[in-house]
Protein chains: 2
Amino acid sequence: MKELLKQTLPFWEDLTGNEQNTLAQGVVKSSYEKGNVLHYGGRECAGVQIIKSGQARVFVTSPGGGEITLFRLLEGDVSILSAACMMKGLDIELDMEIEEDSIIYTIPKVLYKDISDQNTTVKDYTLEMISEKFSDIMWLFNQYVFSNVASRLADTILEHRALAGSDTLAITHDVLARDIGTAREVVTRLLKQFQIDGLVKLTRGRIEVLDGANLGKV
Amino acid sequence: MKELLKQTLPFWEDLTGNEQNTLAQGVVKSSYEKGNVLHYGGRECAGVQIIKSGQARVFVTSPGGGEITLFRLLEGDVSILSAACMMKGLDIELDMEIEEDSIIYTIPKVLYKDISDQNTTVKDYTLEMISEKFSDIMWLFNQYVFSNVASRLADTILEHRALAGSDTLAITHDVLARDIGTAREVVTRLLKQFQIDGLVKLTRGRIEVLDGANLGKV
DNA sequence: CTTGTTTTGTGATTTTGTCACAGAAGAATC
DNA sequence: GATTCTTCTGTGACAAAATCACAAAACAAG
């Protein structure tokens with residue numbers, strides 16, 4: 001247990017032995033199945049989450065049902081936004097969908113807050129993590145506002161390729177549509193064109209990247 | 001001078017007399033004329049800025065020349081994002097356009113950083129301000145992604161009305177287009193429709209809100 | 001080898017963005 | 001006060017993307 005915390009929390013060594021113990025004892029382990037959806041927002045949130053195994057997708061939702069993926073959490077990632085509610089001034093609504101059966105350790109918000117109040121290194125870490133996510137989302141915002149759908153789609157496919165570490169992706173048009181915040185039909189039509197252009201090869205539930213270099217230039 | 005700092009910086013009273021003096025002496029005063037554009041981003045930034053008088057608009061720019069306004073700075077506001085470069089992990093590109101002749105006091109980034117490193121209250125303030133901006137931009141992102149242009153336009157008009165404190169706004173279609181990140185022609189067409197619907201009255205360089213209540217429901 | 005479910009494909013329509021100008025309102029100059 | 005000049009607004013034509021409404025495959029399970 002302490003081993004996991006030591007590996008994932010950069011400030012671990014700066015904690016006192018006492019703080020380390022409190023943390024290690026307070027951490028809560030949970031398992032989630034693929035398809036589960038958690039919600040953070042308003043005045044309620046889980047706390048700082050550590051992904052022990054599995055994969056999750058953090059996204060925003062429109063009243064009309066539309067979605068756009070902000071980022072994914074992979075094994076070893078630490079999610080600070082799931083503790084947003086404890087930050088003064090930070091009031092955002094997020095959903096998290098478990099994409100692969102996951103085991104997640106949660107540092108309850110009160111526990112994290114106490115340690116953060118006492119320990120400057122932890123506070124610095126929090127600020128840094130928030131800043132990082134802020135940057136990520138600014139980047140996404142720019143992409144969304146200023147790029148056309150085709151190039152956003154191409155980028156997402158390349159991201160998924162990097163994630164999978166393979167040219168063959170087990171992914172549906174629907175997932176891609178949710179990632180980039182558009183309609184499934186639009187993705188289908190564009191992929192069709194990508195295939196005609198020789199960039200990808202399509203089969204049901206599967207996309208094979210044939211020409212990553214040119215896909216990146218779309 | 002100290003008076004201004006005391007009024008705008010909530011952590012002022014928590015500083016030591018020494019820190020207060022260092023700050024007061026280090027602050028730089030500058031004046032900017034309407035139309036000036038400043039850029040923050042990458043590894044360079046001004047520092048924490050205090051708007052003594054005037055008005056400015058902070059926005060992002062696309063390679064193709066498109067713009068979208070993130071927020072405005074008014075008299076008495078403190079801009080923390082203009083010091084983004086000193087925050088580890090926070091790497092964003094922003095522009096700031098002076099909309100009214102302004103006098104701005106800047107706390108140089110090194111100075112702010114030193115004080116922030118020594119004083120927990122200042123660090124808390126920084127985290128809170130960043131979080132607030134993060135929230136604002138998440139809200140904007142949601143608006144942009146999930147609302148149609150008409151309702152975004154209506155909302156912006158109402159914001160400008162609140163800002164001006166009057167139903168008659170001295171504003172051009174172009175400004176509104178930059179605010180909501182669309183083309184000027186689109187704004188012209190929509191405003192035309194708003195006028196037909198009896199929501200606003202249009203004259204050159206001027207929009208009069210006739211029915212704010214229904215404009216909010218667009 | 002049916003029956004269901006998930007995924008993909010397509011046409012028709014609407015909304016929004018882009019391009020290319022034309023016209024109008026004010027400001028500046030003669 | 002008439003004329004240029006500049007800024008702002010209006011519009012038609014077209015392209016890109018979103019939305020709606022289904023149909024057709026592909027696969028899974030019984």
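Naming convention: chains lettered A, B, ... in sequence-line order (proteins, then strands); numbering from 1 in each chain. This one's a predicted model, so the numbers in the text were calculated from it and none came from an experiment.
Put simply, CG on A:Leu190 is 14 Å from P on C:dT8, counting in whole angstrom units. For the pair B:Ile207 CD1 and D:dG10 P, the computed distance is 10 Å after rounding to whole Å. Taking atom CG of residue A:Leu202 and atom C1' of nucleotide C:dG9, one finds them 12 Å apart after rounding to whole Å. Whole-Å rounding puts the B:Glu185 CD to D:dC8 C1' distance at 12 Å. Put simply, NZ on A:Lys192 is 12 Å from P on D:dA25, counting in whole angstrom units. For the pair A:Asp174 CG and D:dT19 C1', the interatomic distance rounds to 15 Å; values are reported in whole Å. Put simply, CZ on A:Phe146 is 12 Å from P on C:dG17, counting in whole angstrom units. Look at CG on B:Leu176: it is 13 Å from C1' on D:dC8, rounded to the nearest Å.
Both B:Gly205 and A:Val186 lie close to DNA chain D; mapped to their nearest nucleotides by heavy-atom distance, the more 5′-ward contact belongs to B:Gly205. Both B:Arg189 and B:Ile171 lie close to DNA chain D; mapped to their nearest nucleotides by heavy-atom distance, the more 5′-ward contact belongs to B:Ile171.
Side chains of B:Tyr105 and B:Thr8: no donor on one and acceptor on the other come within 3.5 Å. At a cut-off of 3.5 Å, with distance as the only test, no side-chain donor of B:His39 or B:Glu44 sits close to an acceptor on the other residue.
Under 4.0 Å is where a charged nitrogen must lie from a carboxylate oxygen, and between B:Arg152 and B:Asp179 no such pair does.
Checking the phosphate oxygens (OP1, OP2) of C:dT7, no side-chain nitrogen or oxygen of A:His173 falls inside 4.0 Å. Dashed line: the shortest gap from a side-chain N or O of A:Thr182 to OP1 or OP2 of D:dA18 is under 4.0 Å.
If you check distances only, the side chain of A:Arg184 does reach the base of C:dG9 with a donor-acceptor pair under 3.5 Å. The base of D:dT9 is not paired with the side chain of B:Arg206 by any donor and acceptor separated by under 3.5 Å.
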Scan nucleotides 24-26 of chain C against the protein and return all N/O pairs shorter than 3.5 Å with their distances rounded to 0.1 Å.
residue	atom	partner	partner atom	Å
C:dA25	N3	B:Arg204	NH1	3.1

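The aromatic rings of B:Phe141 and A:Tyr144 sit perpendicular, their planes meeting at an angle over 60°, well past the 30° parallel limit.
Among the protein residues, B:Val149 comes within range of the sugar-phosphate backbone only, with heavy atoms under 4.0 Å from sugar or phosphate atoms but none that close to a base.
Summarising the geometry, atom CD1 belonging to A:Ile207 is positioned 5.0 Å from atom CG belonging to A:Leu176; distances are rounded to the nearest 0.5 Å.
Crowding of A:Lys6 atom NZ: a count of heavy atoms from other residues, nucleotides or ligands under 6.0 Å not exceeding 12.
Residues B:Thr106 and B:Val48 fail the side-chain proximity criterion, which asks for heavy atoms closer than 4.5 Å.
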